[in-house]
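Remarks on the structure that follows.
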Amino acid sequence: MTTTEFATLRRSIEQLRQSVSGVRSAFGDGPEVRRLMNDLERLEIDATELASAEPLRQPVGSGRVPEHVVVPDTPLDEAMFSDADDEGLGGYHGDRS
């Protein structure tokens, strides 16, 4: 993340803090509000830790091409599913034909 992105993150957290303060004023210090305050504190801790962490970067131009997996259009062997339950049919094990 760039300095600009971290500044945006910090601004967003501060705006969220103001919003949560408004919620706290309106709804009191109930369990839901305490969880929001806890989540906000955790978000601030994570953002601080992230600011000092080294980003994981993929080497530019490494030449690595994602592997393509070809899925055949042919029907699958029915024997593969002989002992499987049909979801949505309540585990029906009768004749499937």
Side-chain angles (χ1 to χ4, degrees):
M1 291 179 88
T2 65
T3 305
T4 305
E5 290 169 322
F6 274 115
T8 302
L9 179 60
R10 293 277 180 209
R11 261 192 318 277
S12 298
I13 291 172
E14 185 54 37
Q15 288 174 343
L16 183 59
R17 175 174 293 289
Q18 292 171 5
S19 297
V20 170
S21 292
V23 168
R24 188 176 194 183
S25 296
F27 291 94
D29 197 29
E32 301 87 355
V33 175
R34 286 194 306 271
R35 281 195 303 268
L36 283 173
M37 295 298 291
N38 187 18
D39 291 344
L40 180 60
E41 183 179 329
R42 184 71 238 171
L43 188 60
E44 289 177 322
I45 291 169
D46 289 343
T48 301
E49 289 177 0
L50 188 62
S52 63
E54 282 292 319
L56 298 175
R57 297 192 189 268
Q58 294 291 338
V60 178
S62 64
R64 185 169 177 218
V65 178
E67 179 183 345
H68 286 39
V69 177
V70 178
V71 179
D73 290 337
T74 57
L76 297 173
D77 181 12
E78 289 292 325
M80 290 187 340
F81 307 104
S82 63
D83 63 343
D85 284 344
D86 285 327
E87 292 182 26
L89 295 179
Y92 178 72
H93 292 286
D95 184 25
R96 294 176 183 235
S97 52

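Computed from a predicted structure; not experimentally measured.
- Side chain of R34 to backbone of D29: a donor-acceptor contact under 3.5 angstrom is found.
- Residue pairs meeting the side-chain hydrogen bond (donor to acceptor under 3.5 Å, both in side chains) criterion with at least one partner in residues 44-53, sequence neighbours excluded, are R10-T48, R17-E44, R42-D46.
- Note that the CG atom of L50 and the CD1 atom of I45 stand 13.5 Å from one another [nearest 0.5 Å].
- Taking all atoms of both residues into account, the shortest heavy-atom contact from A47 to L9 is CB-CD2, 3.7 Å.
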task: In sequence, state the C-alpha distance, the side-chain angles, and the governing distance for T8 and E5, and then conclude on side-chain contact (heavy atoms from CB on, under 4.5 Å).
output: CA-CA 5 Å; T8 302; E5 290 169 322; 5.6 Å; no
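- Nearest heavy-atom pair across F81 and L76 is CZ-CD1, 3.8 Å.
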